[in-house]
Structures are given as C-alpha cells and as structure tokens.
Peer 1: 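Can you keep this structure in mind? I'll have questions shortly.
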Amino acid sequence: MNSTSVLLQDKKDKQGVLLGIGLTLMLALAAKYAAGFPFLHIMGQLVLAILFGMIWRAVRNVPDHMVSGISFSAKKLLRYGIILLGMRLNLKDILHAGPKVALIAFLNITITIFVVYGIAKFFKVERRLGLLTACGTAICGAAAVVAIAPQIQAKDEETAIGAATVAILGTIFTMVYTLLYPFLHLSASEYGVFSGATLHEIAHVIAAAEPVGPDAVDLAVIVKLTRVAMLVPVAILIGFWTNRLDRSKNSGNSKMNKRSLKSLPIPWFIFGFLMMSALNTLQVIPSGLTNLIISAAYMLIAMAMAGLGLSVDTVTFRRLGLKAFAAGFIGSIVLSLIGYVFLKLFNLG
C-alpha cells in the first residue's frame with residue numbers, strides 16, 4: 001500500500017470515528033427531546049437513548065467504519081460523563097439525612113445484590129451479566145451498570161443488555177409506584193424515602209415522587225443520592241472479588257496471574273466523580289455553571305447509552321437478556337418489599 005492510499009485510509013478512519021460519535025450524539029439529542037413528552041418523561045433521557053440505539057441497530061444496522069466512534073462514546077465519553085455527574089451530589093445532604101437513611105440504603109443494596117445475583121445464577125445467566133443486573137437494580141440503574149462493567153471486564157453487549165434491562169425495569173416500577181401510592185398508606189415524606197430507597201434511576205425517583213409534591217421529591221432525591229454514593233465502595237469491592245476469582249481460575253497460568261496481580265481493579269474515574277461532588281459540596285462553582293455541567297454530564301452519558309444500544313441486536317438480547325430481565329424483575333420486587341419494611345421498621349420520613 002503506497003503513502004497516498006495510507007493517507008486516504010487514515011482520513012476515512014477518522015471520518016468513521018466522527019460519524020460514529022455523531023450518530024450517538026444525534027440519538028442522545030433525540031432522546032432528550034423525546035423525554036419532554038408526558039409518558040416518555042417517566043422513562044428519561046438515558047433509558048430512551050439506549051432504546052433508540054437498539055432500534056437503530058435493528059432497523060438500519062451499523063456500518064463497520066463507524067464502530068470505533070460508537071465505541072469511543074460508549075467507553076470514553078461515559079467515564080467523562082460519570083465524573084461530571086458528581087456535581088449532582090452534595091455530600092452535606094447525605095450527612096444531614098442521618099445514619100438511618102445510610103443504613104437503609106446499605107441494607108437495600110446488599111440484600112438486592114445478593115438476591116438478584118443468586119436468582120441470575122439459578123437461571124444460569126452468565127456471571128458478568130448477572131452481576132451487572134444485580135448492581136444496576138440495587139444501586140442506581142444504568143449508571144451503576146456502566147460504572148461496574150470495567151471492573152469485571154464485561155463485554156459491550158453484556159453492558160448494553162444489563163443497562164437496558166434495569167432501565168426498562170425502572171420505568172415499569174415507576175409507573176406501578178404512581179398507581180399504588182394511594183393504597184400504600186404513606187405520608188408524602190415516607191413515600192419520598194420509599195421511592196428514593198427502592199427505584200432504579202434518579203429520573204425514575206423524581207418522576208415517581210413528583211405527583212406527590214416537593215417534600216416527597218426532596219427526600220426521594222437525598223435518599224437516592226445516598227445510594228449513588230455507595231457506588232464507589234461497591235465498585236471497588238466487586239472489582240477485587242472478580243479479580244480474585246479470575247486469578248484463582250487461572251492459577252496454573254503464571255503469566256496471567258502475574259499480570260492480574262499488577263492490575264488493581266479500582267475505577268479511577270469514580271474518584272473523579274467524588275472530586276466533583278466535593279467541589280459541589282464546597283459550592284466553589286456558581287449554581288448556573290453547575291447546572292450546565294450536570295446537563296453536559298447527562299448528554300455524555302446519554303451518548304454512551306446510545307453507543308451501548310447500537311452494539312446490541314435483538315437476537316442477542318433475546319438470547320442473553322430475558323433471563324437477566326426475569327432475575328432483575330424478581331429482585332426489584334424484593335427491593336420494593338424490603339424497602340417498605342425498613343421504612344416502617346426505622347420510622348423514616
């Protein structure tokens with residue numbers, strides 16, 4: 001291949017990267033617009049972005065030259081988005097919520113992870129997909145899935161299926177919550193705590209609590225962000241656990257074992273998330289700029305969700321996703337039940 005051909009190929013590759021990123025941006029913008037409609041508002045931008053990506057893949061397919069750009073959005077932009085999303089978290093609010101809120105968040109997360117992972121294992125769901133579904137259900141939906149995925153070396157299709165599964169589950173349970181509220185015999189504050197402690201995404205929490213009133217929304221968001229803050233220790237623990245499992249499985253392969261020992265499974269980008277949270281807590285950045293940063297974070301994560309959706313076809317989802325969905329569905333019911341019990345037991349709200 002002569003130098004001219006190399007230059008032309010290089011130019012074509014760069015154009016493909018830009019087109020792939022551009023496609024994820026287009027789908028993310030479409031999701032943001034669609035999320036403004038009444039029913040779709042419950043689903044939220046992130047859920048819609050991954051669904052739009054899956055629909056696009058099913059209808060139009062994805063050209064090979066765009067794959068690298070789509071992968072860039074799904075992996076690199078995702079990490080930047082999670083870092084910037086730290087501006088949503090005020091650590092003082094979590095401290096002011098009190099130890100009972102932290103305790104209920106811890107118990108809900110721990111029990112749900114074990115329940116969903118156990119059911120997924122019983123259903124013979126692949127280990128990585130089972131873990132992603134468990135963490136997404138227990139902590140904070142699709143954001144938890146994509147944050148945990150690098151820790152366990154999940155494949156793109158597993159990450160996309162896990163994110164789509166918990167996103168759809170969260171949407172279903174949000175609608176169920178709004179219908180059940182009149183029969184739950186909870187005050188606005190209690191319902192806010194209940195929603196924040198048991199629903200999947202921040203968007204779901206807000207959507208479920210909004211019809212009840214501002215008190216419900218405020219408490220729901222604080223409790224939800226307490227669960228989000230636990231993403232960091234959970235990600236680190238799961239990373240070390242899976243790293244240890246992989247080392248034990250490959251104990252006979254000294255080269256692989258040595259390499260595994262050198263690689264610490266720590267999600268460094270999540271520490272960027274905590275740094276941004278600290279900046280927001282100290283209020284060193286004006287509120288207007290903070291809101292812009294949060295909007296940018298959601299856009300970057302939505303582009304990542306679209307990229308993940310573009311990497312999944314319907315055949316793969318039917319083959320791998322249905323059992324994971326069943327495990328997540330049962331786990332979500334368990335999460336709702338224990339959340340309600342703990343709410344009454346600890347007299348929260």
Side-chain angles (χ1 to χ4, degrees), residues 42 93-123 130-131 133-141 144 165-213 215-231 233-234 237-238 324-349:
I42 296 175
D93 289 341
I94 294 174
L95 290 175
H96 291 161
K100 286 185 178 181
V101 168
L103 179 60
I104 193 174
F106 171 78
L107 290 173
N108 282 0
I109 288 172
T110 304
I111 294 171
T112 306
I113 286 177
F114 279 104
V115 167
V116 176
Y117 182 67
I119 295 170
K121 197 172 181 180
F122 178 77
F123 287 163
L131 268 176
T133 306
C135 292
T137 304
I139 306 171
C140 54
T165 296
V166 295
I168 295 168
L169 282 171
T171 302
I172 292 170
F173 275 77
T174 298
M175 292 186 286
V176 171
Y177 275 32
T178 55
L179 294 173
L180 285 181
Y181 170 66
F183 308 100
L184 292 175
H185 306 294
L186 296 175
S187 66
S189 298
E190 287 175 330
Y191 178 73
V193 173
F194 175 63
S195 300
T198 57
L199 282 174
H200 302 62
E201 306 268 1
I202 292 176
H204 295 146
V205 167
I206 294 172
E210 201 169 33
V212 180
D215 290 341
V217 173
D218 290 345
L219 273 172
V221 171
I222 290 172
V223 176
K224 180 62 184 175
L225 290 178
T226 304
R227 288 168 66 198
V228 173
M230 293 187 182
L231 175 61
V234 170
L237 286 172
I238 286 178
F325 185 89
F329 182 77
I330 297 170
S332 297
I333 294 174
V334 172
L335 177 59
S336 297
L337 292 175
I338 62 174
Y340 189 86
V341 170
F342 288 147
L343 174 71
K344 293 297 185 181
L345 186 63
F346 296 143
N347 194 26
L348 290 168

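This is a predicted model, so every value here is computed, not measured.
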Peer 1: Decide if the gap between the ring center of F194 and the ring center of F342 is smaller than 6.0 angstrom.
Peer 2: no
Peer 1: Working to the nearest 0.5 angstrom, can you tell me the gap between T198 OG1 and N108 CG?
Peer 2: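 Atom-to-atom, T198:OG1 and N108:CG are 7.5 Å apart.
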Peer 1: For V223 versus G196, what's the shortest heavy-atom pair and its separation?
Peer 2: CG1-C, 3.6 Å
Peer 1: Should the heavy atoms of other residues, nucleotides or ligands under 6.0 Å from CZ of F123 be counted, would the total exceed 12?
Peer 2: yes
Peer 1: Measuring only between side-chain heavy atoms, which start at C-beta, is H185 closer than 4.5 Å to E190?
Peer 2: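 In short, these two side chains do not touch, never coming nearer than 4.5 Å.
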Peer 1: Tell me whether T178 contacts the main-chain N or O of M175 through its side chain, where contact means a donor paired with an acceptor under 3.5 Å.
Peer 2: yes
Peer 1: Flag the pair T137 / V115 as yes when at least one side-chain heavy-atom distance between them is below 4.5 Å, and no otherwise.
Peer 2: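 No; the side chains remain at least 4.5 Å from each other.
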Peer 1: If I take atom NZ from residue K100 and atom CG from residue L345, how far apart are they, to the nearest 0.5 angstrom?
Peer 2: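 Taking NZ in K100 and CG in L345, the distance rounds to 9.0 Å.
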Peer 1: Quick one: do V334 and V116 satisfy side chain to side chain contact (heavy atoms under 4.5 Å, CB included)? Show the steps, please.
Peer 2: CA-CA 9 Å; V334 172; V116 176; over 6 Å; no
Peer 1: Supply the atom-to-atom distance Y181 OH to L186 CG, rounded to the nearest 0.5 angstrom.
Peer 2: 7.5 Å
Peer 1: Verify the neighbour count for atom CZ of F106: are there more than 12 heavy atoms of other residues, nucleotides or ligands below 6.0 Å?
Peer 2: no
Peer 1: Let me confirm one number: the CZ-CD1 distance from F325 to I172, rounded to the nearest 0.5 Å.
Peer 2: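 Between atom CZ of F325 and atom CD1 of I172 there are 4.0 Å.
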Peer 1: Minimum heavy-atom separation for G328 and L169, please, with both atom names.
Peer 2: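 Of all heavy-atom pairs spanning G328 and L169, the closest is C-CD1, 3.4 Å.
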Peer 1: Could you report the tightest heavy-atom contact between A105 and T226, atom names first, then the distance?
Peer 2: CB-CG2, 4.0 Å
Peer 1: Working to the nearest 0.5 Å, report the span between CZ of F173 and CG of L180.
Peer 2: 10.0 Å
Peer 1: Does one side chain, of Y177 or S336, offer a donor that lies under 3.5 Å from an acceptor on the other?
Peer 2: yes
Peer 1: Can you tell me if F329 has over 12 outside heavy atoms packed within less than 6.0 Å of its CZ?
Peer 2: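 No, because the 6.0 Å sphere around CZ of F329 holds 12 heavy atoms or fewer from other groups.
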Peer 1: If you take all heavy atoms of I109 and A138, which pair is closest and at what distance?
Peer 2: CG1-O, 3.5 Å
Peer 1: Quick check: does any side chain N or O of R227 sit under 3.5 Å from a backbone N or O of C140, one acting as donor and the other as acceptor?
Peer 2: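 Absent.
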Peer 1: Heavy atoms only: give me the nearest T133-V166 pair and the separation to one decimal.
Peer 2: O-CG1, 3.7 Å
Peer 1: What's the shortest heavy-atom distance between S195 and A220, and which atoms?
Peer 2: CB-CB, 4.4 Å
Peer 1: Could you state the interatomic distance from OG1 (T174) to CG (L199), rounded to the nearest 0.5 Å?
Peer 2: 4.5 Å
